[in-house]
Amino acid sequence: NLTGLLRAIYNDLEPDLPTVRIVSRQGLQSSGSIVLDDLVIGHETNLTIDPAVRLELSTSGRLEDWIDGVSRPALMSSACTFAIAHAFGAFLKCAAGLENAAFNLFGPSSRGKTSALHAAASTMGFPKRLARTWHATEAGFEEQALMASGLPFIRDEARIGLGDKDEEHVIFALANGHTKEKARGYGGGVALHLWALSSQEDRADDPYKGRPRSGADVRLFRTPAGYDRERGIFEKAADQDEAKAMAVAIKSNAAKFHGTPFVAFATALLELDDWSSEILDRVEAARHQLGSAHSNLTPVQSRGLDSFAIVAAAGEWATELSVTGWSAGNATTAVIEMSKAWVAGPPPDYWSEWPDGCTQARSGGAGDARSLASGSITAVANRFAALATVQTMAEEKADQILEFLHTQAATPLETLLAAGRPPNPDDPACPIFLIEHASVPLICVSPARFKHLTNGFHMSVARKLREQGLLVTNGQ
């Protein structure tokens with residue numbers, strides 16, 4: 001009796017506290033509400049995000065500012081329009097339980113791909129915080145993907161097909177919907193909603209050209225972008241100067257105006273009656289339009305269009321809800337162009353034709369021209385790797401490295417400048433170029449290119465060459 005009396009007194013004194021449910025995933029929840037960090041949109045407001053998956057989403061400026069500064073200018077680029085539409089596709093993908101997918105914008109360096117990623121990330125928050133690089137351990141990469149589960153997962157500087165295959169294996173496993181959860185120590189896999197967008201540089205010495213080697217073609221789509229030699233990804237720009245200006249402006253405006261598009265899109269969707277029931281019909285309509293633009297597709301390509309259709313449907317729906325400022329059909333047109341690029345693959349003759357004047361090679365002594373030595377740059381790079389494993393570099397092996405530089409298609413500096421590609425010390429694909437100095441041509445290699453060719457053993461190789469008086473550096 002005493003126990004019952006005490007329990008009754010305790011229950012009478014217990015305050016009526018509100019309950020809060022912690023959710024472990026961003027975006028759409030099982031209740032129908034949408035969680036964006038601390039913001040909850042929908043009827044169930046007693047939700048809070050698990051601090052472990054907080055993405056630091058934020059808003060800045062008005063939606064109208066973002067439309068004028070980012071979204072409408074993006075229409076000058078199919079890749080940029082595609083990237084923005086892709087971001088909105090995360091809601092549709094998760095709500096309808098559609099397949100995971102990762103789109104990899106693949107193309108030459110400094111052609112605007114990062115601007116496209118920043119435009120996509122600006123739909124959610126500050127781009128530089130959300131569009132990070134792929135550089136991470138396997139466990140770290142899994143952790144990052146889990147944090148973005150339910151939202152777009154945006155990463156720059158991918159290396160699909162290069163070096164070891166760890167990175168590709170991780171993204172393939174994540175695209176299949178599960179992770180080992182090493183980073184968080186749960187033991188065993190958990191379901192993962194992956195809707196990824198990344199970029200990767202096309203290098204002259206990359207034999208795989210971004211193509212997945214692990215059978216990930218059905219989930220990981222290498223999508224060429226930026227092969228217009230003058231305009232990069234901004235194929236509708238008037239000229240090279242306008243294309244460069246647009247790339248800079250979009251990145252700058254995305255940093256100032258961001259976050260409001262996702263809030264506006266989520267709010268508008270939840271104001272509709274049973275919006276999730278419309279998703280499959282909209283995706284199917286988009287799939288039909290994409291299919292009409294293609295012919296003679298392989299089974300893998302035909303299946304891949306299903307994922308492209310989600311992007312098109314999302315872009316058109318966001319436009320219909322007055323979020324993008326685009327006209328009807330803009331998103332679909334961009335997705336069709338990008339899907340055609342995906343089917344066609346990168347242009348095989350890009351590096352052999354660009355820039356003009358690369359068909360001759362110069363020796364380092366007298367400045368005479370001679371034919372390009374036989375053998376691919378990849379084969380020589382592999383030789384570098386073998387040499388670099390030797391503890392003590394012999395002088396004759398350093399001579400082989402110098403000979404390699406002499407026999408490559410070295411481009412006159414003025415040719416690079418005329419082509420609008422000034423040498424970039426941080427560009428691992430920067431062409432080997434010539435500078436006339438006191439009537440002797442200097443063969444110049446960017447530090448990043450030299451490091452890439454020597455498989456990271458650039459310091460020991462450079463030291464040997466410097467000891468022979470064959471290498472000078474100018475810090476540029």
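Below, all heavy atoms of this structure are taken into account, side chains as well, without hydrogens, waters or symmetry copies. Position 1 is the first residue of the sequence, and the numbers go up from there.
Using bins of under 30°, 30° to 60° and over 60° for the plane-to-plane angle, the ring pair F221/W342 lands in the perpendicular bin.
There is no side-chain donor-acceptor pair under 3.5 Å between S307 and R287. No donor-acceptor contact under 3.5 angstrom links the side chains of N330 and T333, judged on distance only. At a cut-off of 3.5 Å, with distance as the only test, a side-chain donor of Q144 or R155 sits close to an acceptor on the other residue. Checked by atom type, the side-chain pair S149/Q26 shows no donor-acceptor distance below 3.5 Å. Checked by atom type, the side-chain pair W66/S122 shows a donor-acceptor distance below 3.5 Å. For the 3.5 Å distance criterion, the side chains of T319 and T324 qualify, holding a donor opposite an acceptor.
Ion pairing between R54 and D38 holds under the 4.0 Å rule for side-chain N and carboxylate O. With respect to the salt-bridge test (charged N to carboxylate O, under 4.0 angstrom), the residues E242 and K236 do not qualify. Comment: R282 engages E278 in a salt bridge, judged by a side-chain N to carboxylate O separation of less than 4.0 angstrom.
The side-chain heavy atoms of F265 and L321, taken from C-beta on, include a pair separated by under 4.5 Å. Between I279 and L92, the closest side-chain pair of non-hydrogen atoms falls below 4.5 Å. Contact of the H294 side chain with the L305 side chain is registered, since non-hydrogen atoms from C-beta on lie closer than 4.5 Å.
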Worksheet entry | Steps toward side chain to side chain donor-acceptor pair (under 3.5 Å) verdict (T123, H258) | CA-CA 6 Å; T123 61; H258 51 258; over 6 Å; no

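You'll find the ring centres of F91 and W195 outside the 6.0 Å limit.
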